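Worksheet for the structure shown next.
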Amino acid sequence: KTAGRNRFSFFSNEMNLLAQERIALETALREALRNDALRLCYQPQVRLGDGRVHGVEALARWRHPQLGEISPARFIPLAEECGLIAEIGQWALREVCRQLAEWRRRGLSIPTISVNLSPTSFRNFDLPRQIAEVLAASSLCGKDLTLEITENAFLDAGPDTMRVIHAVHAQGVRLSVDDFGTGYSSLGVLRRLPVDEIKLDQSFVHDLEGDGASRELTRAVQRIGDSLGLCVVAEGVETERQCALLQRQGYQAAQGYLFAPALPPEALEQWLRAREQAGASPSSAASPAG
Ligand code: C2E
Ligand code: MG
Ligand code: MG
Ligand code: MG
């Protein structure tokens, strides 16, 4: 009995500690959002046909004052649990539109800017109006913006969510299915939603150089996308060999460390200018130097 009680108090102490840590992290995240301490970094997506820029994906970054850089894989789920995710989504939408308009004023040609949105954002009836507003504020049009959403997020999409998605799409905003191929209903999503683009999950790309089965899978995904008239983007491309294979399979665009990691706005601008100067060509898909 005594041992049982001790064990109980041991666990509850540990749970307390975890709960305290979590609350502290939540508070810090809330403050970061208020104080504009969250940042967006931008990763280029490269067209494999001619090496030009397909688009740019915004990825959230958070440097905690004591703990340092915290991965979005950690703080995005936290934001979802503590009700901050809608606010983060609105902040990101505003910020990417402002940034794209600024880059264009500075003479850079970027066809579209992608932002990751959580399913929670699509449950907001006001989302279509909010998007129209941020686009107008930066004098952008619908296709300048691409919304990335993971396929599993669509799984429990009820009629209300579907209405929001269709309303957003009706404004010309592009819809991209992120982490494609990892969910429970990859094909179902394509049938039910007004999708413009699919992003092959990086796990498939990483497996590419191994067995032939992975190569057949990536080929199949490309064919499905192609036959539906979708743009097919491969993510997590790290090697020339992966890039060459995907290019041969007909992938339109690729994104990954081979080209560049997610960069702060100034660094991305430099990267884009270096590329424009080098004159992108099919043979120089990977680097400005070729
Ligand atoms: P994602 O949207 O699928 O983004 C791709 C992730 O892979 C990013 O990680 C990116 O930095 C990383 N990556 C890019 N190229 C390579 C590569 O060649 N190799 C490898 N191994 N990784 C690569 P990150 O930035 O840590 O983001 C993780 C996830 O967090 C994202 O996955 C996205 O689902 C989520 N996320 C990031 N920013 C936001 C945001 O603003 N809002 C929401 N709702 N989610 C976000
Ligand atoms: Mg994404
Ligand atoms: Mg992804
Ligand atoms: Mg992901």
Side-chain angles (χ1 to χ4, degrees), residues 32-63 72 87-117 121 126-149 167-176 178 196-197 199 231 233 235 252-256 259-281 284-289:
L33 196 56
R34 296 281 132 79
N35 304 335
D36 208 25
L38 289 186
R39 287 282 164 261
L40 289 173
C41 279
Y42 298 87
Q43 188 176 35
Q45 304 169 323
V46 173
R47 279 200 327 225
L48 294 180
D50 57 10
R52 299 183 72 90
V53 172
H54 164 76
V56 160
E57 178 180 9
L59 293 155
R61 296 288 177 260
W62 178 29
R63 190 194 298 269
E87 218 179 307
I88 290 183
Q90 286 174 5
W91 160 76
L93 277 169
R94 240 182 295 122
E95 186 57 18
V96 298
C97 289
R98 189 201 58 72
Q99 184 64 69
L100 180 62
E102 186 185 321
W103 275 329
R104 286 192 177 160
R105 268 197 304 278
R106 297 167 64 78
L108 292 166
S109 65
I110 300 169
T112 191
I113 197 152
S114 299
V115 62
N116 296 280
L117 283 189
S121 294
D126 205 29
L127 184 71
R129 194 197 57 79
Q130 288 168 356
I131 288 180
E133 200 177 283
V134 293
L135 286 171
S138 295
S139 307
L140 298 177
C141 61
K143 65 174 174 36
D144 293 332
L145 181 66
T146 300
L147 305 182
E148 289 192 12
I149 178 156
V168 168
H169 192 256
Q171 299 176 22
V173 173
R174 300 176 74 248
L175 207 65
S176 176
D178 205 350
D196 299 282
E197 179 178 276
K199 292 184 78 177
C231 197
V233 180
E235 59 176 1
Q252 264 142 302
Q255 173 181 359
F259 306 103
L263 300 167
E266 313 74 46
L268 184 83
E269 179 169 342
Q270 275 175 17
W271 186 91
L272 290 169
R273 291 204 191 281
R275 247 187 123 73
E276 274 177 11
Q277 244 161 39
S281 72
S284 68
S287 66

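None of the values given here were measured: they were computed from a predicted structure.
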- prompt: With W103, which residues qualify under ring pair (Phe, Tyr, Trp, His ring centres under 6.0 Å), at least two apart?
  reply: Y42

message: As an exercise, state the distance from CG of L117 to CG of L175, rounded to the nearest 0.5 Å.
response: 9.5 Å

message: Go through it in stages, so that I can follow the logic: the residues are E197 and H54, the test is side-chain contact (heavy atoms from CB on, under 4.5 Å), and I'd like the CA-CA distance, side-chain angles, deciding distance and then a yes or no.
response: CA-CA 12 Å; E197 179 178 276; H54 164 76; 2.8 Å; yes

Under the side chain to side chain contact (heavy atoms under 4.5 Å, CB included) test, residues paired with A267 that sit two or more places apart: L263, P264

statement: Those residues at least two apart in sequence (or on a different chain) that pass side chain to side chain contact (heavy atoms under 4.5 Å, CB included) with I149 are F122, A153, F154

- prompt: Is D50 reaching over with its side chain to a backbone N or O of R52, donor-acceptor style, under 3.5 angstrom?
  reply: yes

statement: Value for OG (S138) from CD (Q99), rounded to nearest 0.5 Å, stands at 10.0 Å

Those residues that, when tested against Q171, pass side-chain hydrogen bond (donor to acceptor under 3.5 Å, both in side chains) (two or more places apart): none

field: Heavy-atom side-chain contact between P111 and K143 under 4.5 Å
entry: no

Closest approach of P261 to P44 (non-hydrogen atoms, all atoms of both residues): O-CD, 4.1 Å

task: Check V115, L135, I131 against C97 for a side-chain contact (heavy atoms from CB on, under 4.5 Å) and give me the one that passes.
output: L135

message: Please find the pair of heavy atoms, one from L48 and one from A254, that lie closest to each other, and give the distance.
response: CD2-CB, 4.0 Å

query: Hey, what do you get for CZ (R275) to CG (L108), rounding to the nearest 0.5 Å?
result: 13.0 Å

query: What residues form a salt bridge (charged side-chain N to carboxylate O under 4.0 Å, His left out) with R94, not counting sequence neighbours?
result: none

- prompt: Can you tell me how far the OG atom of S114 sits from the CD atom of Q45, to the nearest 0.5 Å?
  reply: 4.5 Å

field: side-chain hydrogen bond (donor to acceptor under 3.5 Å, both in side chains) involving R106 - partner list, sequence neighbours excluded
entry: E269

Gap between atom CZ of R104 and atom CD1 of I113 - 0.5 Å precision: 9.0 Å

query: If every non-hydrogen atom of Q43 is compared with every non-hydrogen atom of A260, which pair is closest and at what distance?
result: NE2-O, 2.9 Å

- request: Any chance you could measure I110, atom CD1, to D144, atom CG, to the nearest 0.5 Å?
  value: 10.5 Å

field: Sequence neighbours excluded, every pair satisfying salt bridge (charged side-chain N to carboxylate O under 4.0 Å, His left out) that has a member inside residues 33-42
entry: R34-E87

- line: With sequence neighbours left out, the residues meeting side-chain hydrogen bond (donor to acceptor under 3.5 Å, both in side chains) with T112 are T146

Distance-only donor-acceptor pairs under 3.5 Å for side chains of residues 56-63, two or more places apart:
{"unit_1": "E57", "atom_1": "OE1", "unit_2": "K199", "atom_2": "NZ", "d": "2.8"}
{"unit_1": "E57", "atom_1": "OE1", "unit_2": "Q255", "atom_2": "NE2", "d": "2.6"}
{"unit_1": "E57", "atom_1": "OE2", "unit_2": "N116", "atom_2": "ND2", "d": "2.8"}

message: For a side-chain contact (heavy atoms from CB on, under 4.5 Å) check, start with the C-alpha distance between V46 and V53, then their side-chain angles and the critical distance, and finish with the verdict.
response: CA-CA 5 Å; V46 173; V53 172; 5.6 Å; no

- prompt: Taking only residues two or more places apart in sequence, or in another chain, which ones meet S121 in a side-chain hydrogen bond (donor to acceptor under 3.5 Å, both in side chains)?
  reply: none

message: Could you check whether any side-chain heavy atom of Q252 comes within less than 4.5 Å of a side-chain heavy atom of V233, counting everything from C-beta outward?
response: no

- prompt: Are L140 and V134 close enough, and set up right, to give a side-chain contact (heavy atoms from CB on, under 4.5 Å), and what steps lead you there?
  reply: CA-CA 8 Å; L140 298 177; V134 293; over 6 Å; no

Residues that D196 engages under salt bridge (charged side-chain N to carboxylate O under 4.0 Å, His left out), provided they are two or more places apart: none

- prompt: Any salt bridge between R98 and E95, counting N to O under 4.0 Å?
  reply: yes

field: For Q270, all residues meeting side chain to side chain contact (heavy atoms under 4.5 Å, CB included), sequence neighbours excluded
entry: none

